[in-house]
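Worksheet: one structure, shown below.
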2 protein chains.
Amino acid sequence: MQRTSFKNMRRSLAQALELIGDWWTPLILRDVFLGLHRFDEVVENLGISRNLLARRLAMLATHKIIARKVYSRRPVRYEYRLTAAGEELVPILVALTAWGDRWSAPPGGAAIEFVHTACGHRFAPSIVCSQCGEEIDAATTVGAARPGAKSGPGVTVIARKLAQAT
Amino acid sequence: MQRTSFKNMRRSLAQALELIGDWWTPLILRDVFLGLHRFDEVVENLGISRNLLARRLAMLATHKIIARKVYSRRPVRYEYRLTAAGEELVPILVALTAWGDRWSAPPGGAAIEFVHTACGHRFAPSIVCSQCGEEIDAATTVGAARPGAKSGPGVTVIARKLAQAT
DNA sequence: CATAGTCAGTTCAATCATTCAACTGTCAGG
DNA sequence: CCTGACAGTTGAATGATTGAACTGACTATG
């Protein structure tokens, strides 16, 4: 990767995007979550080229977002499952899917619905504040530079902006 | 774009990823949300190349995720703001940021925190079921092919899988 | 035993996207 | 007149992605 590395920028969004910030990775994770655990199943379902899938799976495995397990010796065959980190990504993918539905639904609507088995209902995901439980949105949310954070290349511009606003 | 088009696959996640499924777009949206409304501010903050930013902004504008507004004639100058669709993406970006923090926090922790001004607290985003209000996770969530949906190229494999499970 | 098929990849050429740096054009202020 | 801000555009070099063919270890069928 020749892309600008964000390793020293101490920005969590960029960190997340280094792992799942491309076209295929979220789709792969969704497929694994939905029950497609084998290489060829994912290839067939997504139409991704095999070399790219191999690379993505290797990358996701080294970052422990998915786990690679032997399900057969003779011949050696692997299957893929979500780890804890991968599973915590699922609600986000669900939310993204809902957003895609809402703002660019294809004719006929979504192909997949999500069911919350805990309560038995089909549901829409909503993202709430852990403190008060209310939905968060752009109007009631403010980003702020963390007090302790050293200002890297990127933090400066935002910090300056926020200083002006004060 | 020579990428496999998902236009006919009636999948909402793929739809969403066509719009924000790349490296820079989420970062651009975050910057616009955080108060960086001008071209050069974003360039400086992200280190993105100018031609790419121009293309991304044009694309986001045509899909009405951001709006391009004239803030000065003579010379003509534009600024960028989130539309309703863009603002509904913000909670998802916040959730992604939190995930990045949790699973691959850079040394020193996050550079940015989010504050919910409605209740005044710093918060962690949590994604809950719209029906019962409980947090959703991979264990209690099931994806299902929508009854009415025509099976496109991709739906088949998952549908087959789910049929086996029944 | 031979043949076909499954599975999880690897290899490679062609094509596409991204980076980096330099450039354009309009205007304001000194 | 000169400098600088601003919002881009242009183009060569580099990198990533696609698509198709191939490998290698096995299993199931006739």
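Hydrogens, waters and symmetry mates are skipped; everything else that's a heavy atom, side chains included, is used. Reminder, nothing fancy here: chain letters follow the sequence lines and each chain counts from 1.
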Looking at Arg68(A), Glu41(A), His37(A), Arg38(A), which one forms a side-chain hydrogen bond (donor to acceptor under 3.5 Å, both in side chains) with Tyr80(A)? Arg68(A)
Could you check which of dG8(D), dT17(D), dG9(C) has an atom nearest any side-chain atom of Tyr78(B)?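 Of the candidates, dG8(D) comes closest.
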The side chain of Tyr80(B) lies closest to which of these nucleotides: dG8(D), dT10(C), dT19(C)?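 From the listed options, dG8(D) comes nearest.
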How close or far is atom [atom2] of [N] from atom [atom1] of [X], stated in whole angstroms?
X	N	atom1	atom2	value
Trp23(B)	dT19(C)	CH2	C1'	13 Å
Leu27(A)	dT18(D)	CG	P	11 Å
Ile48(A)	dT10(C)	CD1	P	13 Å
Asn45(B)	dA7(D)	CG	C1'	17 Å
Leu60(A)	dG9(C)	CG	C1'	16 Å
Leu52(B)	dA7(D)	CG	P	18 Å
Tyr71(B)	dG8(D)	OH	P	10 Å
Asp22(B)	dC16(C)	CG	P	18 Å

Nearest-0.5 Å distance, [atom1] of residue [X] to [atom2] of residue [Y]:
X	Y	atom1	atom2	answer
Asp137(B)	Glu88(A)	CG	CD	9.0 Å
Ile127(A)	Ile127(B)	CD1	CD1	4.5 Å
Glu134(A)	Thr140(A)	CD	OG1	8.0 Å
His116(B)	Cys132(A)	NE2	SG	4.5 Å

Per the atom types in the model, does the base of dT6(C) pair as donor or acceptor with the side chain of Asp40(A) at under 3.5 Å?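 A donor-acceptor contact between them is absent.
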Once hydrogens and angles are ignored, does a donor-acceptor distance under 3.5 Å link the base of dA20(D) to the side chain of Arg50(A)?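 Under the 3.5 Å cut-off, the side chain and the base do not form any donor-acceptor pair.
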Within the structure, does a side-chain N or O atom of Arg68(A) lie under 4.0 Å from either OP1 or OP2 of dG9(C)?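 Yes, such a contact exists.
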Check whether any side-chain N or O of Trp24(A) sits under 4.0 Å from OP1 or OP2 of dT18(D), and answer yes or no. yes
Base-contact (B) and sugar-phosphate-only (S) positions in nucleotides 25-30 of chain C, heavy-atom cut-off under 4.0 Å, - elsewhere: BBSS--
DNA chain D: Asn51(A) or Glu79(B), which has the more 5' nearest nucleotide? Glu79(B)
Derivation and outcome, side chain to side chain contact (heavy atoms under 4.5 Å, CB included), residues Leu19(B) and Thr25(B): CA-CA 8 Å; Leu19(B) 303 179; Thr25(B) 308; over 6 Å; no
Is Leu93(B) reachable from Val128(B) through a run of I, L, V, M, F, W or Y residues, each pair having side-chain heavy atoms under 4.5 Å apart? no
